[in-house]
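Quick note on labels: first sequence line is chain A, next is B, and so on, each numbered from 1.
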Amino acid sequence: MDEEPERAKRWEGGYERTWEVLKEDESGSLKATVEDILFQAKRKRVFEGHGQVRLGMMRHLFVIIDSSRSMEDQDLKPNRLTSTLKLMEFFVEEYFDQNPISQIGIITTKNKRAEKLTDLAGNPKKHLAALKKAVDSTCVGEPSLYNSLNCVALPSGTDIKEILVIFSSLTTCDPANIYELIKTLNALKIRVSVIGLSAEVRVCTILTRETGGSYNVILDESHFKELLMLHVKPPPASSSSECSLIRMGFPQHVIASMSDQDAKPSFSMLHLDSTGEPGLTLGGYYCPQCRAKYTELPVECKVCGLTLVSAPHLARSFHHLFPLEAFQETPLEEYEGERFCETCQGELKDKCVFTCLACKKVFCVECDLFIHDTLHCCPGCMQTDRTS
Amino acid sequence: FRLNIEGLLVYFPYDYIYPEQYSYMLELKRTLDAKGHGVLEMPSGTGKTISLLSLIVAYQKAYPLEVTKLVYCSRTVPEIEKVVEELRKLMDYYAKQTGAKNDFLALALSSRKNLCIHPEILHANIVVYSYHYLLDPKIADLVSKELTKKSVVVFDEAHNIDNVCIDSMSVNITRRTLDRCQTNVETLQNTISRIKETDAAKLREEYRRLVEGLKEANVARETDMYLSNPVLPDEILQEAVPGSIRTAEHFVGFIKRFLEYLKARLRIHHVVQESAPQFLKDIYEKVCIDRKPLRFCAERLRSLLRTLEIADIADFSAITLISHFATLVSTYSKGFTIIIEPFEDRTPTIANPVLHFSCMDPSIAIKPVFGRFQSVIITSGTLSPLDIYPRILDFHPVTTASFTMTLARTCLCPLIVGRGNDQVAMTSKFETREDFAVIRNYGNLLLEMSAIVPDGIVAFFTSYIYMENIVASWYEQGILENIQRNKLIFIETQDAAETSMALEKYQEACENGRGAILLSVARGKVSEGIDFVHHFGRAVIMFGVPYVYTQSRILKARLEYLRDQFQIRENDFLTFDAMRHAAQCVGRAIRGKTDYGLMIFADKRYARADKRGKLPRWIQEHLTDGSLNLTIDETVQLAKHFLRQMAQPFRQEDQLGLSLLTLEQLQSEDMLQKIAQIAQQA
C-alpha cells in the first residue's frame, strides 16, 4: 500500500497543502509558519457570518440524520454514525447556548423510512439522551429524503422554518417525485440545508438551492464540526417575515425551603411524560397564566401553551437582532499605540490587531473571537457608555 | 469585448475569456495568414466553437478578399444547432457593437428536411453543415461543388475524420442491394420504353450530349468553378462516353449484365479477397465488360436519371450505389480492396454473402478538399497524437498545436486501475479476458465505485459481446445484485430506440437522487454523441482497452495498406485508434470548467508509456506517477478524496484571473506569457 499517495491518508487531512506554505525562517525553524496557519484557521470563523444582517431569534429547527447503511463507513472514526451523533450532542448544546428560546427536533431515516427520534422541544436534556441512545442502533437500508422531509413538513400549523439534513448516503429511496415536495417546501418557506458526508448529490444541490439553504460536503472530521457549527448561528431573518408579537410568560422561581411548613412537594408538568427521574420537588417556576409548575426553563406550558422563558434567555437571544459589527483588522507593524489587549491585558503578539470601530479599543485575536462568538457586545463600548 | 489578436480586431461576445481561447485564436490566425492547413486540439467545454467563429468572422471582415467564406462542418444535428446558436450570439453582438446592419448571411444545413438548393450557398458567408456534405461524393456533388477556393473549411469533432472518409468511399453490396437494384433496372427499362414512344427527341438530345463528352464539366473544373469529385476522375472528363453505353437501352442492358455478374460472384462458399485490377480482369474474362465503360457508369446513370426526369432519387439508391461501385473499382487501382464473404463471422451457418468494396486510404476522399480550399482546419478535443492525422490524411499542415485546459481547480482525475485487491492484474487482454478473477475484479471495481460516486456513472466496455459475457457472469456471482443496492443499472444495446429509452431513464435516476449506472460500449452511440454533464457523469469507467475487432478482414487489409503506403506500423495504428476511442469515452464526463469527473482506466496496459503517451495532453497532464497502477482500494480512497474536494463551493471569482479572464487581465504582460505556454506545437 505504500504506493498510495500521501494526501489520501486520513491523519494528514487536517493539514492538507500545508507543506506548500511551510518555509523555514532564518534560524531554520518552522514555528513562524505553523503559527501563521493556526492564525488563519482562527480568523476564518470570525470572517464568516459577520454580515450586518438581522438574524432570526426564535428558531424551530429539525435535524434529519441519515442512519442508513452508508453510516457504517469508517472514514470518520470510529464510524460515521458514532462520529455524527457525538458532534450532534455538541451541536445541541451549542445551539441552546446561543439560541435559548429556540427549539429543536431530531429525525432519523433508514430502511426507506423516517422515524422521529425526538419531537420539537426546547430542552436539551431529552435530545442529548436520545442521541446517546441512538449510538447503539444499527444502520440498515437506504435513507429516504422524501419521507423524512415529509415527516417534518406534513403536520400543518407548526411553524418549522429550518431543516438541517445530515446526509451520508448517495442515494435516496423516494415513494414519490421529490421535486413536488421541494415546491411545497418552498411555498411553506422552509429552508433546507444539507451537510453531505461523502460527495455532492444532485438532488441535494437542487433541494438547498430552491429552498435557500446551504449545501456543504465535509472534508474530514474537523471540517464536519466547522460546518455543523455554522448552523448554530441563526440564519438571516427573511425580509418577508413580518414582525410578529409572541406571548411569553416570565415565571418567577419560587424557592421553598424544607423548613417551611406550608411548602408541599409537587410534580413538575414535564415529568408527566418522562418516567425515569424522581418526581417530587419543592420549588419551581409557576406559569403566570395557569400556575402549572416546571423545574426548568425555557419550556412551552403543557397546560395553556404559553412560552415560558427567563429574562436572561431572552437577553441572550437578543444579540441576534443586533449583531456586533466586525472589528477592523490592522497588521501589527502598522499599529501604533499601546501593545496590550484591552480585555486580557496580554501583549499583542499576533500578526494582526483588531480595533472596535465605535470605541477604538484594541483587542487580540483570541479576545476578538471571544467577543464575537460569546459576549456579543464590545467591552470597550460598555465601559465608555458607563463613564459618559 | 473587443480583442486585438496580432493586429486583427476580434469581437468576442462574452465578458470573460478563457486563456486557452485566446491562444487558440492566435494559432488559428497564424494558420489563416499562412493560407495553410491546421490541426488543433483543445478540450471540449473550453469554447472552441465560439473562438473559431469569432476569429474567422473577424478575419473575413478585415480581409474580405482573402477569405470569402467559412464552411463549418460538424458531425451531428445537435452539434450543428449548437454552432448556429453561438453564431447567432456573435452576430447579435456585432450588430450591437458596430450598430451596422448585419450583412452576413449564414446558412445551416442540418437534415434532409431542411436541405437547401445551392444558389444560396454561393452567396452565404458562413455555411454550417455535416461532414457528409463535403466528404461524401454522393452528396458533395449536389451541395458543395460550387464553393469558392478562398474558403476556410473547419472540421469540428474531427477525431474520426479518417473513418468518415473511408465510409464515404466504401461500398457494401448484399443480396438485398442486388434485388433492389434489379427492381430499379426494371423501372428504368419501363420508363425508357415509355419515353421512347412519347418523347424520343429527348433521348436523342441526350445521346448527342454524350457524344460531345462531358465537356461542360471539364470546362467548369478548369475554370476553377467546381470542387472535384473523387468519383469523377479527371480523365473521364476529357473523353466522350463510350459507345457501348451511350444509348439508354444499351446502358440498361450493360447494367443488367454487370448485375448478373455480381450475383454470380456472391454465390460463394469461401472468402475471396482480391484487388481492383484482379476484379477487372475477372469481369472481363467472365462477361466481357471492359474497364472503360465501367468508369463512366456513375456519370451515365446520373445523366439518364436526369433525362428521364425522375424526381425521387431516393428510390434509386441501390442502382446508384452499384454505379458508384463500378466507377470506383475501375478508376482506382490502389487504395481499395474487394472482400467477398459468404457469411458473417458470428453466424457461420446463415448464408448472408456480402461484397465489401473497402476503401483503405482516407486521403482519397479528402484530397479534393485539401487541394481546393486555402485553409482547412481540423479540430477536436481528442486528436492525439497530433502527427498521425497529417500522415493518414496525407497533407501538410502549417500549424499543429495542442492546448491544455487552464483550471482553477483540478477538476479531472484520471486513474489507472491495474489490479484488484487480490493483486490479480486487471486487463481485457484476449488471453485473460475470460478469466474468472479478472471478471470478478471488474465487478468489484464497479461495485465499490457505485458506493462512493454520487448520481451517474458511465461504464464503457470494449464490445457488445464482451459486455454481455461480463454482465452475465456478474449476475451469476451476485455482484449485479449488490450494485443494484447502490444504483440502478441501464444497458446500451444495438437497438437505437431501446438505448434512447435507457438513456432517458438513466438521466431521470441521476436527477432524482436514486443514482444510476449506464453500461455502454466504446465506439457505440453513447460514446460518441452523448454528453454526460455534471451529475449525469461523475465517473467514467473504461473497462479494458477498446481495440477494434482485429480479426476483421477489412481491417487487416487496411493495416497492411497503412504499413506499405504510410509506413505506419499495425500496432501503432491499433493503439492510436484504441486510445482515441478511450479518450472520447472518458472525455464524456468533463464538459466544461465547472464540471468535474473521475476518469478510471481499468486495464493495467494503460500504464504503459505507449498507451499513456497517446492520450490527449489535457488528460495526460493530470495523470501523475502515483496513479498509474492502483488497486481497487487505492482507487476508492483517491476517488473519495477527489469527490469531497470537488464538492466544496466553487464560485466564478475563484476562476477569475486564473482560468477565466477579463479584458484587462488578458492584456497584462504576465498573462500573455502564461498563455504562450498553453499551446504546445507538435
One pair to check against side-chain contact (heavy atoms from CB on, under 4.5 Å): B:Asn486 and A:Arg69. What are the steps and the verdict?
CA-CA 10 Å; B:Asn486 297 324; A:Arg69 199 182 30 179; 3.4 Å; yes
Determine, stepwise, if the pair B:Lys640 / A:Asp73 fulfils side-chain contact (heavy atoms from CB on, under 4.5 Å).
CA-CA 12 Å; B:Lys640 260 186 174 174; A:Asp73 200 316; 3.1 Å; yes
Could you walk me through whether B:His534 and A:Glu200 satisfy the side-chain contact (heavy atoms from CB on, under 4.5 Å) test, starting with their C-alpha distance in whole Å, then the side-chain angles of each, then the deciding distance to 0.1 Å, before giving a yes or no?
CA-CA 10 Å; B:His534 295 292; A:Glu200 181 191 355; over 6 Å; no
Under the side-chain contact (heavy atoms from CB on, under 4.5 Å) rule, what do A:Asp75 and B:Arg644 come out as? Steps first, then yes or no, please.
CA-CA 12 Å; A:Asp75 54 1; B:Arg644 283 201 173 134; 2.8 Å; yes
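When the shell of 6.0 Å around CD of B:Gln484 is examined, it contains more than 12 heavy atoms from other residues, nucleotides or ligands. With a 6.0 Å radius and a threshold of 12 heavy atoms from other residues, nucleotides or ligands, A:Arg113 has its CZ atom at or below the threshold. Around CD of B:Gln423, the count of heavy atoms belonging to other residues, nucleotides or ligands within 6.0 Å exceeds 12. A 6.0 Å sphere centred on NZ of B:Lys604 holds no more than 12 heavy atoms belonging to other residues, nucleotides or ligands.
Contacts of A:Tyr179 with chain B are made by side-chain atoms alone, with heavy-atom separations under 4.5 Å and no backbone atom involved. In this structure, chain A has heavy atoms under 4.5 Å from both the backbone and the side chain of B:Arg485. Both the backbone and the side chain of B:Glu511 come within less than 4.5 Å of a heavy atom in chain A.
Contact count versus chain A (heavy atoms, under 4.5 Å) is highest, among B:Asn512, B:Leu628, B:Leu643, for B:Asn512. When the candidates A:Ile218, A:Asp174, A:Leu207 are compared by the number of heavy-atom contacts under 4.5 Å with chain B, A:Ile218 comes out ahead.
Minimum heavy-atom separation, B:Ile452 to A:Ala199: O-CB, 4.4 Å. Taking all atoms of both residues into account, the shortest heavy-atom contact from A:Leu219 to B:Gln645 is CD2-NE2, 3.7 Å. Listed here is the closest heavy atom pair of B:Ala451 and A:Leu170: O-CD1, 3.3 Å.
Within the 3.5 Å criterion, the main-chain N or O of A:Val201 finds no donor-acceptor partner in the side chain of B:Asp455.
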